[in-house]
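Worksheet: the structure to be examined is printed underneath.
Along the sequence shown, residues carry numbers from 1. Just so it is clear, the values below take in all heavy atoms, side chains as well, and ignore hydrogens, waters and symmetry mates.
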Amino acid sequence: MSKRSDDAGFTYVELMIAFMLLLLLLPALFFIAHAFETNLKTFVGQQELQLEYMAFRPLVERDIAQAIHIVTMEGGVLELIHPDGKAVRYQTSNRQVIRRVKEAGANRFSGATVVLRHVYYMGFHPERRGVRLDMGLQNWLADLDIKIFIAGRMGVHHAADR
């Protein structure tokens with residue numbers, strides 16, 4: 001004799017309980033997904049700023065290491081005079097650091113290269129043996145504060161507010 005089962009499947013009450021549990025768990029899942037996405041975006045933003053800084057640092061280190069005279073001016077300007085008479089100027093403008101070069105014997109700076117973007121503050125502070133840089137970088141996703149000291153030549157001459 002074969003048994004016939006009419007009990008196969010879920011009852012209406014069981015389906016309603018499962019549906020209610022799902023409704024209770026969905027907000028938690030959305031919250032976890034949102035928190036993960038926010039953390040991921042912040043991480044990506046931090047990495048972008050870090051990469052930008054890593055591209056800027058060797059350039060400014062090389063220029064400071066070669067300088068024999070360092071001048072800071074109002075408005076976040078750093079001017080580095082090299083032994084061959086060439087001058088390199090780092091200047092902040094419109095959330096960017098711009099590098100300009102004046103060749104020896106030239107009357108003015110020529111060209112402009114954006115060497116750092118997303119800058120919300122930049123401070124150049126000459127010291128006895130080099131330059132201290134205080135900078136803040138910020139994009140839509142993250143911010144990065146950096147304080148570094150870059151050593152210059154021994155016997156570098158400093159002047160402020162030329």
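- Ile17 and Tyr12 are members of different hydrophobic clusters when ILVMFWY side chains are connected at heavy-atom separations under 4.5 Å.
- Residue Ala142 comes nearest to Leu49 through the heavy atom pair O-CD1, 3.5 Å, listed as atom of the first residue, atom of the second, then distance.
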For a quick test of your reading: what N or O donor-acceptor pairs under 3.5 Å do the side chains of residues 32-41 make, sequence neighbours left out?
unit_1, atom_1, unit_2, atom_2, d
Glu37, OE2, Lys41, NZ, 3.4
Thr38, OG1, His34, O, 2.9
Asn39, ND2, Ala35, O, 3.4

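- Across all non-hydrogen atoms, the minimal contact from Met135 to Tyr53 is SD-CD1, 4.0 Å.
- Looking at every heavy atom in both residues, Ile64 comes nearest to Ala151 through CG2-O, 3.9 Å.
- In this structure, the salt bridge (charged side-chain N to carboxylate O under 4.0 Å, His left out) partners of Glu52, at least two apart in sequence or on a different chain, are Arg117.
- Contact of the Leu133 side chain with the Ile146 side chain is not registered, since no non-hydrogen atoms from C-beta on lie closer than 4.5 Å.
- In this structure, Lys147 does not pair ionically with Asp145, as no charged nitrogen and carboxylate oxygen lie closer than 4.0 Å.
- Cluster note: Met20 groups with Phe19, Leu23 through ILVMFWY side-chain heavy atoms spaced under 4.5 Å, whether in direct contact or through intervening members.
- By the criterion of side-chain heavy atoms lying less than 4.5 angstrom apart, applied directly or through intervening Ile, Leu, Val, Met, Phe, Trp or Tyr residues, Met54 is grouped together with Val97 in one hydrophobic cluster.
- Although no hydrogens or angles enter the test, the distance criterion places a donor-acceptor pair under 3.5 Å between the side chain of Asn139 and the main chain of Gly45.
- Contact annotation: the side chain of Arg89 approaches that of Val77 to within less than 4.5 Å [non-hydrogen atoms, C-beta and beyond].
- Residues Lys86 and Glu103 have side chains in contact (heavy-atom distance under 4.5 Å, counting atoms from C-beta outward).
- Across Gln66 and Pro83, no two heavy atoms sit closer than the pair O-CD, 3.1 Å.
- Closest non-hydrogen pair, Tyr120 versus Arg95, comes out as CB-NH1, 3.6 Å.
- Hydrophobic cluster membership differs between Ile81 and Ile98, with clusters built from Ile, Leu, Val, Met, Phe, Trp and Tyr side chains linked at under 4.5 angstrom.
- Rounded to the nearest 0.5 Å, atoms CD (Glu48) and CZ (Phe43) are 12.5 Å apart.
- Using a 4.5 Å cut-off on side-chain heavy atoms (C-beta onward), Val101 and Thr113 make no contact.
- Counting heavy atoms from C-beta outward, Gln91 and Phe109 have side chains that stay 4.5 Å or more apart.
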List the steps, then state whether side chain to side chain contact (heavy atoms under 4.5 Å, CB included) holds for Leu144 with Gln50. CA-CA 8 Å; Leu144 182 64; Gln50 194 76 359; 3.2 Å; yes
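- Going from atom CG of Asp63 over to atom CZ of Arg99 covers 4.0 Å, rounded to the nearest 0.5 Å.
- Using the six-membered ring where Trp is involved, Phe124 and Tyr90 have ring planes that are tilted, between 30° and 60° apart.
- Both Ile70 and Leu59 are members of a single hydrophobic cluster when ILVMFWY side chains are connected at heavy-atom separations under 4.5 Å.
- To the nearest 0.5 angstrom, Leu21 atom CG is 11.0 Å from Leu26 atom CG.
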Apply the test side chain to side chain contact (heavy atoms under 4.5 Å, CB included) to residues Thr42 and Leu141: give CA-CA distance (whole Å), side-chain angles for both, the deciding distance (0.1 Å), then the verdict. CA-CA 5 Å; Thr42 302; Leu141 305 171; 5.7 Å; no
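- Nearest heavy-atom pair, Ala112 versus Arg100, reported as atom, atom and distance to 0.1 Å: CB-NH1, 3.6 Å.
- In this structure, Gln46 contributes its side chain and Asp143 its backbone to a donor-acceptor pair below 3.5 Å.
- A distance of 9.0 Å separates CG of Leu116 from CD of Gln96, quoted to the nearest 0.5 Å.
- Linking ILVMFWY residues whenever their side-chain heavy atoms come closer than 4.5 Å, directly or via other members, leaves Val88 and Val114 in distinct clusters.
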